[in-house]
Amino acid sequence: MCGIAGIVTTYDVPSPAVIGARVKSMTDSLAHRGPDGEGITDAMPSGSGGSVVLGHRRLSIVDLAGGVQPMSCAADASWLTFNGEIYNFPALRQQLSDLGYRFDTHSDTEVVLAAYKHYGADCVRQFNGMFAFAIWDCETQTLFMARDAYGKKPFYYRLDDNGFQFASELKAFTADAHASAPEVNEATLRDCTLLRYAAGESTLLKSILKLDPGTFAIYNPANNTLDKTRFYQHPDTQPRQDNAASIEAEGPVHEQFLTLLDNAVACRLNCDVPFGAFLSGGIDSTVIVALMTRHMSTPVKTFSIGFEQKNLSELDSARLVADTYGTDHHEKVIQPEDFITYLPEAIYYRDGPVSEPSDVPILLLSRLASEKVKMVLTGEGSDEVLGGYPKHAYEQYAAYAAFIPRPMRKVLRSAVRHRLPVQHEKIKCALNSLLADSTTDRMQRWFGSTDLKICNALHGGTSPRSAETTEPGRFHYEGGSALRNILAFDQSVWLPNNLLERGDRMTMAASLEARMPFLDIRLAQFVSQLPDHYRVRGKRTKWILREAAKDIIPDKIIQRKKLGFKVPIEQWFRTSLSDYLHDLIAAPGACLHEYLDAAVIQKLFKEHLDNRQNHEKILWSLLNMEIWLRQIQGMEVDTHSSDTVARSA
């Protein structure tokens, strides 16, 4: 796991060393992603009279001595800077060896180079892993780059008249003092207000874009063009291949699933440094730990985080799992004031608003784990692939709600909003989502910060942008079931733009690599061929996982109600953090007021304070936006760590 950066210019550079210095400043800003080593190529001619420089920061995980980057092969015909892990690289290495390729290292980096030389752009179809990389091909004088199927690893870029620039994080672009300073992208700020993420290719900084997951691209400096190709489509976005009968003929389906998951775990244990697992005590992380014990001769190192208050914490469940499997267990109890103390830091590493309060505990958990290991396995992605959220069960009723005339739905939504007590927030969310006017509206209501009406009011009544009108809606497929459509959205949009971005930034902030067995592409392909009831049955979510887990984990874990990491932000915003929140987002002088309607912000704050509505999600988003805006303007942010926060928990 690493940090990558590079520049390709289209103009003659009087001193190519200047480009190297610029790339060095970019990689220096990514030092947390790779504290074990750094490398910068010499400036190479770009074929258009310009120069090419690639940079790398390394977190050494596999082949500690041989995986130094940027790496070249075939008499310097290609140079690679690579972030990620290719889990099937031993088999791919053997395959390429049989074809006559010779290897000088035991790293997956060299295998990526050889695969590119042999397969060209189709090399990405050979990889099972997480990756973001760029290869300067000296023969074709082009830059080839790619990002993995789920977008686990980040890849940002800027294309302008001066050429092409790329990096693992947005902060690398602002670290380049020779480039024009990016401006705030107001349209994307609006997306974050509504959706809690930057939709599509856009980012919070103008002119800087994201390479889509499952996409490769070729930049040609000769004509300053970028051609992109989607090489992976999530199987749930496609018509279901009705292979259930043939799959069932091979034996119990849940046993086949467990075999695939076990293999996904095993191949992710290829590691030359100490490693462990995040353990929440829920079914996802418990199954991962249980399977790890099958392949390890020493106790699995496990790491958990939680509150002292048992109704807010999963530490007891994690301890049960740790005792059951005899793990080398480590845990940290965090205090309520830690959320505000470390929030600006989390926002800095995220390069934008932190979408959920749980980001902060993940940062602290990652730092706890990094004291003992350099890599962890996590349960991330299980809900999005297997259908683990309440919305996945409720979505089956959306077709019935669609028969209610639109005017009546509007009346019912208003009644739900104003008549249903605040304490029934989950029910309010479900009903408002099911009563939405369209698939698009419903998708964003399930996990968004607020509804479109409030979002428009905050932004001065502007008309909806394309993000919320097309981004969720384009995952509605004729003939696709309601469950497959919502899973397609989760896998293609929610995961890469929110949860996986959070996971990457918070773990890499602690120089820790995280691997996710549930996001093995073979596993996703398998379950997508099955009828919906293998994933969701009535209100029972992740059915196939629960069946597969029965023989390997305790019943009380399988039957345990999903808790998640619950942070009482709703009550804190009404009590101990009300003054802090007001001073940042509602008081005169807030940076947000340049972009949003201050009177609407004040109204939302007051409604929440008076317990008339629960606006915790949108208020949390606004708080994060304000801190991020202050950071990019170089302003100090008061962390407001006080005893009153601790007393309120």
Exercise for review: Walk me through it: do Ile61 and Lys374 pass the test side chain to side chain contact (heavy atoms under 4.5 Å, CB included)?
Suggested key: CA-CA 7 Å; Ile61 301 292; Lys374 294 185 73 172; 4.1 Å; yes

Practice item. Kindly determine whether Asp555 and Lys550 satisfy salt bridge (Lys or Arg N to Asp or Glu O under 4.0 Å), including the steps that lead there. Key: CA-CA 7 Å; Asp555 286 342; Lys550 284 182 177 179; over 6 Å; no

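- The side chain to side chain contact (heavy atoms under 4.5 Å, CB included) check on Glu501 picks up Tyr156, Arg350, Arg505, with sequence neighbours excluded.
- Scanning for salt bridge (Lys or Arg N to Asp or Glu O under 4.0 Å) contacts around Lys391 gives Asp490, with sequence neighbours left out.
- Contact check for Glu371 versus Arg367: no side-chain heavy atoms found under the 4.5 Å cut-off.
- Residue pairs meeting the salt bridge (charged side-chain N to carboxylate O under 4.0 Å, His left out) criterion with at least one member in residues 253-282, sequence neighbours excluded, are Asp262-Arg294, Arg268-Asp520.
- Listed here is the closest heavy atom pair of Leu269 and Arg515: N-NH1, 4.3 Å.
- Between Glu356 atom CD and Ile362 atom CD1 the span is 8.5 Å, to the nearest 0.5 Å.
- Contact record, Ser107 with Gly66: OG-O, 4.3 Å, taken as the closest heavy-atom pair.
- Listed for the Trp620 side chain is a donor-acceptor partner under 3.5 Å among the backbone atoms of Val354.
- Around the NZ atom of Lys171, the shell of radius 6.0 Å holds more than 12 heavy atoms that belong to other residues, nucleotides or ligands.
- Remark: the Glu110 side chain and the Thr105 side chain contain an N/O donor-acceptor pair separated by less than 3.5 Å.
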Check your understanding: When you look at Arg540 and Glu547, which way does the salt bridge (Lys or Arg N to Asp or Glu O under 4.0 Å) test go after all the steps?
Key -> CA-CA 11 Å; Arg540 195 180 186 202; Glu547 287 297 302; 3.5 Å; yes

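- Counting heavy atoms of neighbouring residues, nucleotides and ligands inside a 6.0 Å radius, atom NE2 of His106 does not exceed 12 of them.
- Aromatic pair Phe257/His254: centroids not less than 6.0 angstrom apart.
- Checked against salt bridge (Lys or Arg N to Asp or Glu O under 4.0 Å), Glu248 has no partners two or more places apart in sequence or in another chain.
- Ring geometry for Phe131 against Phe127 counts as perpendicular: the plane angle is over 60°, on a 0 to 90° scale with 30° as the lower cut.
- Ring orientation note: the planes of Trp494 and Tyr197 are nearly perpendicular, at an angle over 60° on the 30°/60° scale.
- By the 4.5 Å heavy-atom criterion applied to side chains, Glu513 and Glu85 are counted as neighbours.
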**Study point:** Steps toward side chain to side chain contact (heavy atoms under 4.5 Å, CB included) verdict (Ile4, Phe155)
**Key:** CA-CA 9 Å; Ile4 63 175; Phe155 192 100; 4.2 Å; yes

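- For the pair Leu386 and Ile544, the minimum side-chain heavy-atom distance is below 4.5 Å.
- The aromatic rings of Tyr150 and His234 are tilted relative to each other, their planes meeting at an angle between 30° and 60°.
- With a 4.5 Å cut-off on side-chain heavy atoms, Leu545 and Phe518 count as touching.
- Considering all non-hydrogen atoms of both residues, Gly129 and Asp148 come closest at O-CB, 3.8 Å.
- To the nearest 0.5 Å, the span separating CD on Glu337 from CG on Leu577 amounts to 10.5 Å.
- Scanning for side chain to side chain contact (heavy atoms under 4.5 Å, CB included) contacts around Ser511 gives Pro35, Leu59, with sequence neighbours left out.
- For Asp532, the salt bridge (Lys or Arg N to Asp or Glu O under 4.0 Å) test picks out no residue, with sequence neighbours left out.
- Side-chain atoms of Asn498 and Val493, non-hydrogen and from C-beta on, never get closer than 4.5 Å to each other.
- Atoms SG and CZ, on Cys192 and Arg196 in that order, are 11.0 Å from each other to the nearest 0.5 Å.
- Under the salt bridge (Lys or Arg N to Asp or Glu O under 4.0 Å) criterion, Lys153 pairs with Asp504, sequence neighbours left out.
- Listed by chain and number, the residues in a side chain to side chain contact (heavy atoms under 4.5 Å, CB included) with Asn88 are Ile86, Asn128 (sequence neighbours excluded).
- Partners of Ser280 according to the side chain to side chain contact (heavy atoms under 4.5 Å, CB included) rule, which considers only residues two or more places apart in sequence or in another chain, are Ser285, Glu314.
- With hydrogens and angles disregarded, a donor-acceptor distance shorter than 3.5 Å links the side chain of Arg33 to the backbone of Cys2.
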Exercise for review: Tell me, with the steps shown, if Asp212 and Arg147 meet salt bridge (Lys or Arg N to Asp or Glu O under 4.0 Å).
Suggested key: CA-CA 7 Å; Asp212 278 336; Arg147 191 176 178 206; 5.8 Å; no

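- Between Phe339 and Phe573, the gap from one ring centroid to the other reaches at least 6.0 Å.
- Between Phe303 and His329, the distance from one ring center to the other does not fall under 6.0 angstrom.
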Exercise for review: I would like to know whether Met292 and Val265 meet side chain to side chain contact (heavy atoms under 4.5 Å, CB included); could you show each step before the answer?
Suggested key: CA-CA 7 Å; Met292 289 175 74; Val265 168; 3.8 Å; yes

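- Screening residues 275-299 for ring-ring contact (aromatic ring centres under 6.0 Å, His included) gives no qualifying pairs among residues at least two apart or on separate chains.
- Closest non-hydrogen pair, Pro213 versus Ala149, comes out as CB-O, 3.4 Å.
- Sorted by first and then second residue, the ring-ring contact (aromatic ring centres under 6.0 Å, His included) pairs involving residues 519-558 (not counting sequence neighbours) are Tyr534-Trp543.
- Atom CD1 of residue Ile553 and atom CG of residue Leu320 lie 10.0 Å apart, to the nearest 0.5 angstrom.
- Here the straight-line distance linking atom CG of Leu499 with atom CD of Glu380 works out to 5.5 Å at 0.5 Å rounding.
- Rounding to the nearest 0.5 Å gives a distance of 5.5 Å between CG of Leu279 and OG1 of Thr286.
- Using a 4.5 Å cut-off on side-chain heavy atoms (C-beta onward), Arg484 and Ser528 make contact.
- For the residue pair Gln69 and Thr109, a side-chain donor N or O sits within less than 3.5 Å of a side-chain acceptor on the partner.
- In the model, Thr541 has no side-chain atom that pairs as donor or acceptor with a side-chain atom of Arg535 under 3.5 Å.
- For Phe89, there are no ring pair (Phe, Tyr, Trp, His ring centres under 6.0 Å) partners at least two apart in sequence or on another chain.
- Between Leu512 and Met375 there is no side-chain heavy-atom pair separated by less than 4.5 Å.
- Tyr325 is not listed as a side-chain neighbour of Thr302, based on a closest heavy-atom distance of 4.5 Å or more.
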Review point. Would Arg240 and Leu530 count as a side chain to side chain contact (heavy atoms under 4.5 Å, CB included) if you check the C-alpha gap in whole Å, the side-chain angles of each, and the deciding distance to 0.1 Å?
Key: CA-CA 8 Å; Arg240 183 172 71 85; Leu530 301 171; 5.7 Å; no

